[in-house]
*Asks:* 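One structure coming up, written as structure tokens, with questions to follow.
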Amino acid sequence: MNILTINNLTFSFPKSRIPVIKDFSFSMNEGEIVGILGESGSGKSTLLRLISGLEIPRGGTIEIAGRQVAGKKTFVQPENRGVGMVFQDYALFPHMTVRDNLLFGLSRLPRKERNPRVREMLELIQMTEFEKRYPHQLSGGQQQRIALARALAPKPELLLMDEPFSNLDASLKGAIRDELCTILKKANMTCIMVSHDKEDVQAICDRSLVFGNKDDLLQQTPDDRELTFLK
Ligand SMILES: Nc1ncnc2c1ncn2[C@@H]1O[C@H](COP(=O)(O)OP(=O)(O)OP(=O)(O)O)[C@@H](O)[C@H]1O
């Protein structure tokens, strides 16, 4: 099943004549993990913001799980898109415990299902004993796992991660990367990960896109280092 379908997406910031995203088409199947690489300023974060509904496209369409969320006459608000996000700074609420951070996104779930879902998420990331801690009492890697659990808790159709490892030191990164990959595959999550690090993408992703600073968009797979043009 197609989870994400983007057709001819075009976007430019107000007052700018040059599009950041131009005529971009792309689709993803359920359970697929795709990496987006590319130099600084090439539009990687902007693409995630368009998919999650934080920016309005100038043209083209975005469908998530078969439902149009952005198009000529359609714009579904971010909270109704079924998209989870993990940012580079994790954006955990510092004044809330791990448990409350996870509960935060579950307000739509019937009350009696919320606690079991929190528990299920903590088990998935193997952090059940950290339920009562605050973010500052966790290591960078543990905070990263909580941020991931919080994004997965409401069962999003699609998970977007923007530079999820940039705050981790090199010694932690390898282990966290493998762990993340296992968790995502276990949850059969469809996921896009933006990174500037080719190694991260090769370790986790099934395939990847490379954004250039012109119109050239390239496609590669982790196994195939030869870059081939997508369009
Ligand atoms: N709010 C904004 N207003 C105008 N231009 C913007 C705005 N945000 C980003 N841009 C420009 O849009 C382009 C794409 O930015 P974007 O953040 O998507 O790049 P990126 O590939 O994620 O970069 P990085 O790897 O540095 O995070 C850049 O040229 C940037 O300067």
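Read the numbers this way: they start at 1 and go in the same order the structure lists the ligands and their atoms. These numbers come from a predicted model, not from an experiment.
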*Asks:* Indicate if Phe13 and Phe24 have the same hydrophobic cluster label, given that clusters are the connected sets of ILVMFWY residues with side-chain heavy-atom separations under 4.5 angstrom.
*Replies:*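 Phe13 and Phe24: one cluster.
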
*Asks:* Just how far is it from atom CE of Met127 to atom CG of Leu102, taken to the nearest 0.5 Å?
*Replies:*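 Here the rounded value is 9.0 Å.
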
*Asks:* Applying a strict under-4.5 Å side-chain criterion to I, L, V, M, F, W and Y, I'd like to know whether Phe130 and Tyr134 cluster together.
*Replies:*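 No, separate clusters.
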
*Asks:* Please confirm whether Arg114 makes a cation-pi placement over Phe104, using NZ or CZ under 6.0 Å from the six-membered ring centre and within 45° of the ring normal.
*Replies:*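 Relative to the ring axis of Phe104, which defines the angle, Arg114 lies outside at least one limit.
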
*Asks:* Closest non-hydrogen protein atom to atom 26 (O) of ligand 1, residue and atom name please, with distance?
*Replies:*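 Here the nearest protein heavy atom works out to Ser40 OG, 2.6 Å.
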
*Asks:* Distance to 0.1 Å, residue and atom name: give those for the protein heavy atom nearest to atom 11 (C) of ligand 1.
*Replies:*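 I find the closest protein heavy atom is Phe13 CE1, 3.8 Å.
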
*Asks:* To the nearest 0.5 Å, what is the distance between CD1 on Ile125 and CG on Leu152?
*Replies:*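 Here the interatomic distance stands at 9.0 Å.
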
*Asks:* How many angstroms lie between CD in Glu63 and CD1 in Ile51, if you round to the nearest 0.5 Å?
*Replies:*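 Result: 13.0 Å between the selected atoms.
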
*Asks:* Provide, to 0.1 Å, the distance between atom 23 (O) of ligand 1 and the closest protein heavy atom, together with that atom's residue and name.
*Replies:*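 For atom 23 (O) of ligand 1, the nearest protein heavy atom comes out as Gly41 N, 2.8 Å.
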
*Asks:* How far is atom 25 (O) of ligand 1 from the closest protein heavy atom, and which atom is that?
*Replies:*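 Ranking protein heavy atoms by distance from atom 25 (O) of ligand 1, first comes Lys44 NZ, 2.8 Å.
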
*Asks:* So which bit of Glu39 gets within less than 4.0 Å of ligand 1, heavy atoms only: side chain, backbone, both or neither?
*Replies:*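 Looking at Glu39 and ligand 1, just backbone atoms fall under 4.0 Å.
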
*Asks:* Any protein heavy atom sitting closer than 4.0 Å to atom 31 (O) of ligand 1?
*Replies:*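 For atom 31 (O) of ligand 1 the answer is no, since every protein heavy atom stays at 4.0 Å or beyond.
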
*Asks:* Give a yes/no on ligand 1: does Ser42 have at least one heavy atom closer than 4.0 angstrom to it?
*Replies:*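 Ser42 counts as a contact of ligand 1 under the 4.0 Å cut-off.
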
*Asks:* What is the nearest protein non-hydrogen atom to atom 17 (O) of ligand 1, stated with its residue, atom name and distance?
*Replies:*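 Looking at atom 17 (O) of ligand 1, the protein heavy atom closest to it is Ser45 CB, 3.8 Å.
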
*Asks:* Leu47 and Ile6: side chain to side chain contact (heavy atoms under 4.5 Å, CB included), yes or no, with the steps?
*Replies:* CA-CA 10 Å; Leu47 177 65; Ile6 297 178; 4.2 Å; yes

*Asks:* Protein heavy atoms near atom 7 (C) of ligand 1, is at least one of them under 4.0 angstrom away?
*Replies:*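 Protein heavy atom within 4.0 Å of atom 7 (C) of ligand 1: present.
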
*Asks:* Tell me whether ligand 1 is touched by Gly43 - counting only heavy atoms on the residue side and a distance under 4.0 Å.
*Replies:*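 Under 4.0 Å: yes for Gly43.
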
*Asks:* Could you state the interatomic distance from CZ (Arg207) to CD (Glu32), rounded to the nearest 0.5 Å?
*Replies:*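 Between Arg207 CZ and Glu32 CD, I get 4.0 Å after rounding to 0.5 Å.
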
*Asks:* Which atoms from ligand 1 have a heavy atom of Thr46 less than 4.0 Å away?
*Replies:*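 Per the distance check, 14 (C), 15 (O), 16 (P), 18 (O).
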
